[in-house]
Structure formats: C-alpha cells, structure tokens
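Notes follow the structure.
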Amino acid sequence: MQQGIHHRLERALRDAVKKLYDVELGDVVSKRPPKPSLGDAAFPIAFDLARKAKLAPRKIAEALVPALSGVAGVDRVEVAGAGYLNVFLERGGFVSSYLAGDEAPTATSDKVIVEHTNINPNKAAHIGHLRNAALGDTFVRALRYRGENVEVQNYIDDTGVQVADVVVGFLHLEHKSFEDVKAIAEGDERFDYVCWDLYARVSDYYAEDRDRTRLRENTLKAIEENTEPEGPLGAYIAERIVRCHLATMERIDVRYDLLPWESDILRLHFWERAFELLKEKQAIRLSSQGKNVGCWVMDASDGDPDPKEDRTEEDEKVIVRSNGTVTYVGKDIAYQMWKLGLLDRQFGFERFHTYDDGQTVWSTTSATPAPTQADEIPSFGEGQRVYNVIDVRQAYLQDIVQRGVALLASESARERSHHFSYEMVALTPATCRELGFPVSPEEESKPYLEVSGRRGLGVKADDLLQALEDKAVSKGMKRNAELHADEQRIIAQTIARGAVRYFMIKYTKNKVIAFDFEEALAFDGDSGPYLQYAAVRAAKILEKVDVDPTQVSVPESLDECFVSLDPDEAEDVWALVFGAAELASVVEAVVRTEEPAHLAHFALALAQQFNGFYHRYHIAGEPDETKRALRLLAVQMFYREHTTALELMGIPVPARM
RNA sequence: GCGCCUGUAGCUCAGUAGGAUAGAGCGUCGGAUUCCUAAUCCGAAGGUCACAGGUUCGAAUCCUGUCAGGCGUACCA
C-alpha cells in the first residue's frame with residue numbers, strides 16, 4: 001500500500017471513528033488480504049473497536065464503510081469475514097499516480113552515515129565479509145532510494161593485533177625485509193592470499209612458544225607509534241591489502257565514499273582528546289588492583305551498582321592496556337564521536353582510489369595535506385544518524401562504545417548511533433572437510449563451525465565468486481553456444497554477482513548462515529539467477545513488442561479496460577501491477593526494520609508471479625488490443641519495479657541468459 | 001552463572017510492529033517445449049509452528065516457565 005493513499009485512508013478512518021465512537025485511534029495498520037480477490041488493502045480495525053464500542057465487529061465495519069468509500073482513489077469498500085474492511089482501489093488512478101511519483105515517500109534532509117565492510121587489512125576477504133558488505137550496501141541503496149543523503153565509510157583497523165600478527169610473520173617467521181615484502185606484494189602471487197596463509201601460520205608459531213606472543217605486543221606498540229621497522233611495514237601491508245579488498249568488493253558492486261584509518265585517529269590525537277574527555281567525565285578509571293591492574297577501564301556492569309558487593313573485574317572493560325596501547329573500543333569511541341560530529345577534531349583527506357567510471361574513494365590522512373583544492377573535498381562526518389554494520393558477536397563491545405558516547409555526549413547522541421547487527425557466516429562440517437580441513441569428532445557433531453582466520457579456515461570471497469563464475473560460464477556455453485567467449489564471461493560475472501548478493505541478503509540478519517557450496521551455487525528457484533532470468537525474459541518481451549523498457553504505457557480509460565477483460569485475467573494483470581507497486585513500501589520496511597531481507601523476499605515473490613504470468617498469457621502475439629495493452633502494462637510495471645529492486649540489491653540484469 | 005539470539009514441512013528458510021485456510025525453495029512423485037529462452041511453468045504428497053501455561057474476540061507472533069542449540073561475557077577485533 002502506498003504512502004499517499006494509506007494516509008488518506010488512515011485519516012478518514014480516524015475522523016470517522018472519533019465522530020461515531022469518540023475513540024482516538026493509534027497507528028492504523030493495513031494488511032494485504034489473503035487473496036487478491038478480497039481487495040487491495042484490509043483494515044482489521046473493527047475488532048479493536050468492538051470492545052470499546054460494545055458492538056459486533058461487523059456492525060462497526062459496516063458503519064465505517066461510507067467514510068472510506070469517499071476517499072479519493074477508492075473504488076469500493078466491502079465488509080468481509082468477521083469484520084474486515086476491505087478496500088478496492090480505482091485502478092487507473094492508482095497506476096497513474098504511482099507512475100507520477102505522487103505516492104513516493106519523503107526523505108529527511110539529515111545526513112546518514114553507514115559504516116560497513118571493516119575488514120582487518122591483513123588477509124583476503126572471506127564469505128563473512130561478503131555478508132557484511134552485501135547487507136550494508138543494500139541498506140545504503142535503500143536509504144538512497146528514499147532520497148536520503150548517505151555517506152559510506154569503511155573503517156580500516158590498521159593498528160590492530162591482526163595486522164601486527166602478519167608483520168610478525170614476515171619479520172620473525174619468514175625473516176623478510178621491507179624490500180622483500182614489497183617484492184612479494186608486487187609479484188605474481190596474490191598478496192591477500194599470501195597473507196591469508198601467513199596469518200594462519202603465525203598462530204602456530206605463537207602456539208609453539210608462548211614467549212613469542214611478546215613479539216606481538218611489541219609489534220603492536222611499534223605500529224601504534226610508527227617506529228621502524230614494524231610501523232612502516234604494517235602500514236605498507238595494510239594499504240596493499242585494502243586495495244585488494246576494494247577490488248574484491250568492486251566485483252559485487254560495493255563501493256565506499258571514505259576510508260577512515262585507525263592510525264589517523266591516533267596520529268591526529270582523536271583518541272587523546274577522547275581519552276581526556278573520558279577522564280574528565282570520570283567515565284573511565286585507572287585500575288589499581290586485580291587482573292586489570294595498570295589499565296584504564298570503563299564500568300560495564302548493568303543495572304544499579306550494589307554498594308555492598310565489591311565490583312568485580314568482570315564488570316569492567318579495558319580501554320587502555322597496561323602498556324599504554326589503546327584497545328579497539330577506545331579508538332572506536334573516538335571514531336563514533338567524530339562520526340556524530342561531537343569531537344572537536346578533524347581529519348585530513350586525500351584521494352585513495354578512483355573507480356573506472358571516475359568515482360573517488362577518499363581516505364583520511366594525518367600527513368601534511370596534499371595541495372588538493374579544499375573545495376574538492378566533500379564534507380565528511382557529522383552524521384545525524386549513524387549505522388554500524390557489525391556482526392552480532394561484537395554486540396557487547398558496541399554497547400560499551402555506545403555507553404562511552406552517552407557518557408561523553410548525551411543519551412540522545414547514543415540513540416543516533418545504531419548497531420546494525422547480523423549473524424555470522426559459518427561452515428558446515430561437510431564444507432570444512434571439502435576444503436581439506438581436519439574436523440575433530442567433537443566438531444563433527446556441531447551444526448556449524450566458525451570461520452577462523454587464525455586457523456586459515458574459511459572460504460575466500462574471490463574463490464566463491466570464481467566458482468560461481470565458472471559454473472555460470474559452463475551453463476552459458478550449453479545454452480547460448482553461439483556467443484563469443486568474452487560475452488560469456490561478462491554474462492557469467494553478472495550472474496555470479498547476482499547469485500552472491502542475493503544469497504547474502506535472503507536470510508534474515510539474525511540467522512547464522514551455515515555455508516554450503518551446493519546451496520550457494522544454486523541457480524534455480526530461490527536464487528539470484530532466478531530473479532535475473534525473470535528480468536531478462538521481461539526485457540525480451542518488451543524488445544519484441546518494440547516499446548521503451550524504461551517507460552510504462554498506460555492505456556486510456558484503464559478502469560474500463562479492466563472491466564471488459566475476463567475477470568480471472570483482470571485479476572492476474574492487476575495482481576502483477578499492484579504487487580510491483582509495493583516496492584516503495586517494502587523499501588520503507590527495509591529502512592524501518594533495518595532488515596534488507598524484505599527486499600529479497602519481495603523480489604522473489606514478484607518474479608514468481610511474473611513467471612507464472614508470462615507462461616499463461618502471450619503478449620507479443622495477442623491480437624486483441626485491449627488484452628495486449630493490459631498484459632503489456634503488467635509486464636512493464638513488473639520490469640520497472642523488479643529491475644529497481646534488483647538494483648537496490650546490487651544485482652545486475654544480464655544482456656541474456 | 002549472567003546477557004543476547006534461535007527452535008515453523010524430510011532439508012534450508014519466509015511469515016513486514018496479534019488478524020481471514022501457516023507459505024517459498026530444494027528434495028520426492030506426476031505433467032508441460034510446432035507459439036515472447038525449460039536457469040521456466042503446472043499439479044500432488046508433506047505441519048502438534050520445540051513443550052507447558054497465560055493474556056486476547058483472535059497467538060507461529062505478546063507474557064511466564066521448561067527443554068534443546070548457538071553466540072557473547074579477552075590487556076583480539
């Protein structure tokens with residue numbers, strides 16, 4: 001149901017109920033009736049009123065019919081079942097106002113910042129990162145669809161333990177110099193893959209000799225302070241890996257506006273400033289005893305502190321380690337404050353990467369600003385709302401960060417920051433074996449196993465994309481043998497992208513995806529290629545009848561056309577037209593519930609409906625003009641809204657399949 | 001222990017702030033290709049919505065309890 005008409009109906013109901021029963025209604029919800037023949041929208045409102053008005057629901061519904069019948073755009077209203085108010089819309093009017101954009105939602109003028117991807121820059125991206133990026137990017141597209149001003153940030157944790165581990169690996173395990181590492185990075189082997197393997201070996205290296213973890217601590221400190229040789233080497237590795245990640249994400253059409261580097265947060269004293277403020281507000285304290293002695297900690301207990309009980313160490317979270325280095329949480333507090341426009345510090349900015357079409361990815365910098373024209377730099381930061389796309393395992397840390405924000409700024413500042421949380425991608429024991437990893441009997445009995453970069457256990461994003469592409473090529477060879485190999489390759493890439501993006505979006509966020517190759521490689525049924533296929537077929541029909549696929553041609557006197565049609569067919573046409581037009585409200589739901597899966601389910605249902613439709617009705621060869629015009633309208637509306645939905649999910653439409 | 005999440009068809013999952021007969025995909029079985037591509041479509045079989053109470057005109061959905069599983073509770077992120 002569209003915004004405009006829904007508001008009109010809601011207002012009419014509210015007024016009528018007030019007048020007839022002297023009751024103020026809260027939010028009025030409309031439902032889709034279980035069958036299209038029952039109407040376009042149903043209001044179950046009479047049931048609520050029955051008690052208050054002490055009347056039978058049906059009686060109330062009947063009394064409210066006149067109020068709704070008078071609303072502009074309504075054809076007729078019926079009372080059904082025990083007391084549903086079912087509204088039938090004027091079809092012609094609905095289509096033309098929808099196409100004119102009259103029903104479009106209005107956006108706020110607020111700036112929205114979405115932070116996603118955030119891969120540790122020390123190894124290749126894996127399938128879990130694809131889920132993060134696909135969710136985040138789809139959400140960004142949904143926000144932009146409704147007209148929001150969105151800035152996409154991909155936070156780079158280049159001063160964390162994971163980068164330190166790879167530095168340790170190169171320096172102490174491999175005994176490589178900076179120049180050696182540079183040669184490796186510029187060599188033939190993929191650098192992110194080399195680091196993936198090295199990172200896994202470092203874990204073993206630590207395990208062999210406990211004392212070696214001291215190397216990690218010292219390396220971390222050197223990276224933070226940017227001292228030779230670990231600092232520059234860490235910075236070099238991180239930058240090279242980030243470029244690999246950008247390339248991987250470009251394969252699924254995910255892009256960024258800004259890369260904020262954690263090292264800049266340190267170098268530009270963002271953290272120092274936040275630290276000052278935290279101390280000032282007494283949000284943190286120096287621990288003088290227990291296991292956290294010498295650390296700066298934040299109170300993490302919930303509820304009222306019981307003065308009788310001693311505060312235990314479990315109730316505190318370390319913000320600054322005893323050796324003076326800052327944890328991720330500390331740095332993230334500073335970063336969140338900056339994103340919300342609440343820190344009196346600013347980054348320097350420089351161009352980092354330019355995509356083929358000229359779009360720039362900017363990067364923060366703490367170096368002396370290059371002589372870039374100041375007016376060329378977009379104004380970054382200062383988000384009115386901030387979404388942090390971070391997996392659910394970090395919920396506790398995010399909570400600490402938000403506490404910090406609340407203590408430093410205000411409770412309302414905390415509320416402007418959302419943890420857009422999602423569950424992990426795990427591996428089934430079968431997939432682990434398939435990948436050649438030993439699975440212990442204990443692990444074998446588990447439903448799924450966690451991806452572990454430390455063990456090197458995981459499916460790399462690029463490997464999955466490659467497997468999908470190869471499968472799509474071999475299928476394409478059979479179906480469209482006459483196509484040139486280059487064309488096959490391009491089509492296969494779009495199919496691979498569609499398959500991955502849909503796969504990562506179709507599960508609701510709070511579901512663990514137990515990754516299974518066979519399932520991920522499926523091209524039938526509930527899959528990206530199924531959605532793409534429907535779009536390709538619709539495009540072909542429009543091509544055949546020679547109409548502009550971007551335009552929808554509405555027959556004059558649409559309402560009469562519907563009446564003259566066979567009732568079953570009229571229902572089928574209308575169901576497709578009306579179903580397609582629900583896109584806008586689905587996007588609203590995506591934003592409201594922070595759940596991109598709604599978009600996937602909408603597109604699947606719509607594609608199924610269309611596939612059924614074109615099998616049943618021929619369009620190009622239909623001699624009856626009215627029938628042809630209405631069927632064409634259905635195909636055009638489907639094509640328009642379906643391809644938009646695909647676009648929002650980052651799923652491209654191939655030239656053919 | 002405490003906190004968060006999950007439990008719906010053989011399997012994987014939907015179910016849009018309580019609504020009409022609980023839906024898809026895969027798998028199984030049976031059909032459809034002289035006609036806009038069969039990566040498609042049509043049909044069939046398949047359910048104690050984990051269990052027990054409660055609230056309500058109405059519960060898969062809300063509340064309480066129980067059971068089962070997962071994650072978190074690090075000077076990793």
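Chain A is the first sequence line, chain B the second, and so forth, proteins listed ahead of strands; every chain is numbered from 1.
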Within the structure shown, what part of the strands sits under 4.0 Å from A:Gln608 by heavy-atom distance: base, sugar-phosphate, or nothing? sugar-phosphate

For the side chain of A:Arg656, counting heavy atoms from C-beta on, which of B:C57, B:U37, B:C36 is nearest? B:U37

Mind calculating the distance between CZ (A:Arg592) and P (B:U16) to the nearest angstrom? 10 Å

Describe the nucleic acid contact of A:Val536 in one word from base, sugar-phosphate, nothing, applying a heavy-atom distance below 4.0 Å. base

What does A:His601 touch in the nucleic acid at a heavy-atom separation under 4.0 angstrom: a base, only the sugar-phosphate, or nothing? sugar-phosphate

Looking at A:Lys506, does any N or O in its side chain come under 4.0 Å of the phosphate oxygens OP1/OP2 on B:A24? no

Between A:Lys627 and A:Tyr617, is NZ or CZ placed under 6.0 angstrom from the six-membered ring centre and within 45° of the ring axis? no

Is the phosphate of B:C41, meaning OP1 or OP2, less than 4.0 Å from a side-chain N or O of A:Tyr530? yes

note: A:Arg616, atom CZ; B:C36, atom P; distance rounded to Å ~ 19 Å

Once you apply a heavy-atom cut-off of 4.0 Å, does A:Val392 come out as touching a base, just sugar-phosphate, or nothing? nothing

Rounding to a whole Å, what distance do you find between A:Gln394:CD and B:A77:C1'? 5 Å

Would you tell me if any nitrogen or oxygen in the side chain of A:Thr508 comes within less than 4.0 Å of OP1 or OP2 on B:A14? yes

Answer for the Watson-Crick or wobble partner of B:C71, both distances under 3.5 Å, is B:G3

Determine the contact category for A:Phe602: base if any of its heavy atoms lies under 4.0 Å from a base atom, sugar-phosphate if only primed atoms, P, OP1 or OP2 are that close, otherwise nothing. nothing

Step through it carefully: locate the ring centre of A:Tyr335, locate the ring centre of A:Tyr155, and say whether they are under 6.0 Å apart. yes

Could you work out which one of B:G25, B:A77, B:G7 sits closest to the side chain of A:Asp526? B:G25

Between A:Glu582 and A:Leu606, is any pair of side-chain heavy atoms under 4.5 Å apart? no

Are side-chain heavy atoms of A:Glu423 and A:Tyr507 found at a separation under 4.5 Å? no

Could you check whether A:Asn86 gets within reach of a base, just the sugar-phosphate, or nothing at all, counting any heavy atom under 4.0 Å? base

Sticking with atom P, work out how far B:C63 lies from B:C5, rounded to a whole angstrom. 10 Å

Stacking between A:His615 and the base of B:C42 (centre distance under 5.5 Å, interplanar angle under 30°)? no

Just how far, in rounded Å, is P of B:A14 from CD of A:Glu519? 11 Å

Expressed in angstrom and rounded to an integer, what is the separation of A:Gln609 atom CD from B:C41 atom C1'? 14 Å

As a test of reading the structure: which of B:U40, B:C75, B:G72 is closest to the side chain of A:Arg393, going by heavy atoms? B:G72

If you assign A:Gly621 and A:Leu604 each to the RNA chain B nucleotide with the nearest heavy atom, which residue ends up on the more 5' nucleotide? A:Leu604

Within the structure, does a side-chain N or O atom of A:Asn292 lie under 4.0 Å from either OP1 or OP2 of B:C75? yes

Using the P atom in both, what is the distance from B:G10 to B:U28, to the nearest Å? 16 Å

Candidate nucleotides B:C71, B:U6, B:C75, ranked by approach to the side chain of A:Lys511 - the nearest: B:U6

Look at all strands and tell whether A:Tyr617 reaches a base, only sugar-phosphate, or nothing, counting heavy atoms closer than 4.0 Å. base

Closest listed nucleotide, where the reference is the side chain of A:Tyr507 and the choices are B:C71, B:C36, B:U12: B:U12

Describe the nucleic acid contact of A:Thr593 in one word from base, sugar-phosphate, nothing, applying a heavy-atom distance below 4.0 Å. nothing

I'd like to check A:Ser203 versus A:Arg455 (side-chain heavy atoms, cut-off strictly below 4.5 Å). Are they in contact? no

With the side chain counted from C-beta on, respond yes when A:Ile495 and A:Pro654 share a heavy-atom pair under 4.5 Å apart, and no when they do not. yes

Any side-chain N or O of A:Asn611 below 4.0 angstrom from OP1/OP2 of B:U40? no

Non-hydrogen atoms of A:Val202 and A:Asp165 that approach each other most closely: CG2-O, 3.4 Å

Heavy atoms under 4.0 Å, any strand shown: does A:Gln162 hit a base, just sugar-phosphate, or nothing? nothing

The side chain of A:Ile619 lies closest to which of these nucleotides: B:A20, B:G19, B:C36? B:C36

Answer yes or no as to whether B:G19 has its base stacked against A:Tyr84, where stacking requires a ring-centre separation under 5.5 angstrom and planes under 30 degrees apart. no

Which whole-number value in Å describes the distance from A:Phe420 CZ to B:C4 P? 21 Å

Is any side-chain nitrogen or oxygen of A:Lys540 closer than 4.0 Å to OP1 or OP2 of B:C36? no

Sidechain N-carboxylate O distance under 4.0 Å for A:Lys221, A:Glu225: yes

For B:G47, what is the paired nucleotide under Watson-Crick or G-U wobble rules, both distances under 3.5 Å? none

Presence of donor-acceptor pair under 3.5 Å, side chain of A:Lys35 and base of B:U21: yes

Under 4.0 Å, counting only non-hydrogen atoms across every strand here, what does A:Ile495 touch: a base, just sugar-phosphate, or nothing? base

Measure the distance from CG on A:Asp516 to P on B:G27 and round it to the nearest whole Å. 13 Å

Compare side-chain N and O positions of A:Arg537 against OP1 and OP2 of B:A38 and report whether any pair is under 4.0 Å apart. yes

Are the side chains of A:Leu64 and A:Leu85 in touch, meaning some heavy atoms are under 4.5 Å apart? yes

Using a heavy-atom cut-off of 4.0 Å across all strands, would you classify A:Asp48 as base, sugar-phosphate, or nothing? base

Opposite nucleotide pairing with B:C41, Watson-Crick or G-U, both atom distances under 3.5 Å: B:G31

So which nucleotide does B:A52 pair with, by the Watson-Crick or G-U wobble rule with both distances under 3.5 Å? B:U64

Students often get this wrong, so: under 4.0 angstrom with heavy atoms, is A:Val587 touching a base, only sugar-phosphate, or nothing? nothing

In the structure shown, which nucleotide is the Watson-Crick or G-U wobble counterpart of B:C13, with both distances under 3.5 Å? B:G23

Counting only side-chain N and O atoms of A:Asn510, is one of them less than 4.0 Å from OP1 or OP2 of B:C5? no

So which nucleotide from B:C36, B:A20, B:C71 ends up closest to the side chain of A:Leu38? B:A20

Please work out if A:Leu397 contacts a base, only the sugar-phosphate, or nothing of the nucleic acid, heavy-atom cut-off 4.0 Å. base

Whichever of A:Ala82 and A:Arg51 has the more 5' nearest nucleotide on RNA chain B, that residue is A:Ala82

